[in-house]
Amino acid sequence: MRSRPMLWVTTALVALVTATACGATAEKSDSSNADSGKPATGLRLMVPNTAGGGYDTTARTAAKVLDDAKIATGVQVFNLPGAGGTVGLQRIVNEKGNGKLAMQMGLGVVGATYTSKSKATLTQTTPIAKMIEEAGAIVVPKNSPYKTIQDLVTAWKANPKGLAVGGGSSPGGPDHLLPMQLAQAVGINPKDVNFVSYDGGGELLPALLGSKIAFGASGFGEFLDQVESGQVRVLAVTSEKPIDALKDVPTLKDSGIDLVFTNWRGIVAPPEISDGDKKVWIDALTKMHDSPQWKAELTKHGWTDAFVTGDEFGTFLTEQDKAVADILTKLGLAA
């Protein structure tokens, strides 16, 4: 594995329904709202991990902007966690033809399809849009003895198995790939890393605050509130350049570590939805992307705009699938 991965997301989705082993009946297609210029209605967005994480934050932010900008009304966001997002993925695949439903996802779901040996795959879904990119962050609780990334790396190299690192994704997800590649960049065998997997940032944060792990590796946007309140400290970000939202935090590169890593998030729909329903989703998200409300949210969360739709997103998904498969094979986590 190279020390500077090119996994660009060129970062990073309280169930209201019950997952079923068989597909639900698709709702009747209706693209008339998009054609008439009226707000879209009846859309539902699934988050395939727990509340409070990056997918959840992205999905709920998108739903709010869609509503506030009168692009879509009453967008329902619900959580269906499990197996790194592949429980939700299976649900999406089962919902063949249901054009009212979509799933918030990202790099983590790509990796989880391999490590969880999921029968459902992203190639079975309908690509809708890639939305954002987000840099990763190396984070410690406020009472951590490590004041700089150099302090942490020195201690980590001395005892790689003794310092637990937590991430809000399963093995194969971005929060797992980041510390593995960081380990390699600083001379630690990735197989010696004591990685603790949490199902989303909603579970990772309490573990970090409770000092159950020495440090966390995740998207920096998941910690902004806690950074502002002084509960956690960000030692470094993984972007090419410093992050505006964390002006005093160095990049890994600026700290002498040759690694850049970026996560991404997007939306997919079930297989075989109608062209009209696909158009409703793409049109709604395109209008959202162009709205001042969304631009304000990008700034607020420190997200990088990475908007592409339809076939272009599908091509990107195929490329990401191959890149992740190659890395996980080298780690012995995929055949």
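What you see is a predicted model; the values in this text were computed from it and never measured.
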- [ ] May I ask you to decide whether Lys279 forms a salt bridge with Asp275, counting only side-chain N to carboxylate O separations under 4.0 Å?
- [x]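 Looking at Asp275 together with Lys279, the answer is no, because their closest N to O distance does not fall below 4.0 Å.
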### Query
side chain to side chain contact (heavy atoms under 4.5 Å, CB included) between Val227 and Leu246: does it pass, once the steps are laid out?
CA-CA 9 Å; Val227 171; Leu246 297 167; 4.0 Å; yes
Is the closest side-chain heavy-atom distance between [X] and [Y] below 4.5 Å?
{"X": "Phe78", "Y": "Leu45", "result": "no"}
{"X": "Ile132", "Y": "Asp305", "result": "no"}
{"X": "Thr318", "Y": "Thr315", "result": "no"}
{"X": "Thr57", "Y": "Trp303", "result": "yes"}
{"X": "Ile128", "Y": "Ile282", "result": "yes"}
{"X": "Lys253", "Y": "Leu259", "result": "no"}
{"X": "Leu122", "Y": "Pro127", "result": "no"}
{"X": "Pro141", "Y": "Gln231", "result": "no"}

Are any side-chain N or O atoms of [X] and backbone N or O atoms of [Y], one a donor and one an acceptor, separated by less than 3.5 Å?
{"X": "Asp311", "Y": "Gly314", "result": "no"}
{"X": "Lys142", "Y": "Arg233", "result": "no"}
{"X": "Thr126", "Y": "Pro270", "result": "yes"}
{"X": "Asp56", "Y": "Ala51", "result": "no"}
{"X": "Asn79", "Y": "Pro81", "result": "no"}
{"X": "Thr251", "Y": "Glu240", "result": "no"}
{"X": "Asp151", "Y": "Tyr146", "result": "no"}
{"X": "Thr299", "Y": "Lys295", "result": "yes"}
{"X": "Lys119", "Y": "Gln90", "result": "no"}
{"X": "Asp192", "Y": "Pro160", "result": "no"}

I'd like to check the side-chain hydrogen bond (donor to acceptor under 3.5 Å, both in side chains) partners of Asp67; sequence neighbours left out, ordered by chain and number.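 Checked Asp67 against side-chain hydrogen bond (donor to acceptor under 3.5 Å, both in side chains); zero matches.
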From [atom1] ([X]) to [atom2] ([Y]), nearest 0.5 Å:
{"X": "Ile71", "Y": "Ser291", "atom1": "CD1", "atom2": "OG", "result": "5.0 Å"}
{"X": "Ile243", "Y": "Asp248", "atom1": "CD1", "atom2": "CG", "result": "13.0 Å"}
{"X": "Gln293", "Y": "Thr61", "atom1": "CD", "atom2": "OG1", "result": "13.0 Å"}
{"X": "Thr238", "Y": "Leu182", "atom1": "OG1", "atom2": "CG", "result": "9.5 Å"}
{"X": "Gln181", "Y": "Ile257", "atom1": "CD", "atom2": "CD1", "result": "13.5 Å"}
{"X": "Thr262", "Y": "Leu107", "atom1": "OG1", "atom2": "CG", "result": "10.0 Å"}

Determine the minimum heavy-atom distance between [X] and [Y], stating which atoms define it.
{"X": "Gly219", "Y": "Asp175", "result": "N-OD1, 4.1 Å"}
{"X": "Val109", "Y": "Pro48", "result": "CG2-CG, 4.4 Å"}
{"X": "Leu43", "Y": "Ala72", "result": "CD1-CB, 4.2 Å"}
{"X": "Ser218", "Y": "Leu204", "result": "CB-CD2, 3.8 Å"}
{"X": "Val260", "Y": "Ser239", "result": "CG1-C, 4.2 Å"}

Just checking Lys241: does its NZ atom have more than 12 heavy atoms from other residues, nucleotides or ligands closer to it than 6.0 angstrom?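 Open.
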Legend entry - Residues in ring-ring contact (aromatic ring centres under 6.0 Å, His included) contact with Trp156, at least two apart in sequence or another chain: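 Phe215.
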key: Set of ring-ring contact (aromatic ring centres under 6.0 Å, His included) partners for Phe195, sequence neighbours left out   =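 Partners of Phe195 by the ring-ring contact (aromatic ring centres under 6.0 Å, His included) criterion, ordered by chain and then number, come out as His176.
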inquiry  = Go through it in stages, so that I can follow the logic: the residues are Ile149 and Leu252, the test is side chain to side chain contact (heavy atoms under 4.5 Å, CB included), and I'd like the CA-CA distance, side-chain angles, deciding distance and then a yes or no.
reply    = CA-CA 8 Å; Ile149 188 67; Leu252 290 174; 4.1 Å; yes
Could you work out, with salt bridge (Lys or Arg N to Asp or Glu O under 4.0 Å) as the rule, every residue matching Asp68, not counting sequence neighbours?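 Result, salt bridge (Lys or Arg N to Asp or Glu O under 4.0 Å) vs Asp68: Lys64.
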- Message: Applying salt bridge (Lys or Arg N to Asp or Glu O under 4.0 Å), can you list everything that pairs with Asp326, at least two apart in sequence or on another chain?
- Response: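 Residues passing salt bridge (Lys or Arg N to Asp or Glu O under 4.0 Å) with Asp326: Lys322.
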Evaluate side chain to side chain contact (heavy atoms under 4.5 Å, CB included) for Val196 paired with Tyr198, printing each intermediate quantity in order. CA-CA 7 Å; Val196 183; Tyr198 295 93; 3.5 Å; yes
- Query: How far apart are the C-alpha atoms of Ile267 and Phe313, what are their side-chain angles, what is the distance that settles it, and do they pass the side chain to side chain contact (heavy atoms under 4.5 Å, CB included) test?
  - Reply: CA-CA 9 Å; Ile267 290 176; Phe313 180 38; 5.9 Å; no
Pair Ser274, Asp277: side-chain N/O donor-acceptor within cut-off below 3.5 Å
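Yes, because at least one side-chain N or O of Ser274 sits under 3.5 Å from a partner of the opposite role on Asp277.
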Do Tyr114 and Asp321 get their side chains close enough for a donor-acceptor pair, meaning under 3.5 Å?
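Tyr114 vs Asp321: donor-acceptor pair found between side chains.
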Notebook entry, point to check: Looking at residues at least two apart in the chain, or sitting in another chain, which of them share a side chain to side chain contact (heavy atoms under 4.5 Å, CB included) with Thr86?
Noted result: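 Only Ala83, Ala112, Thr113, Ser116, Ser118 meet the side chain to side chain contact (heavy atoms under 4.5 Å, CB included) criterion with Thr86.
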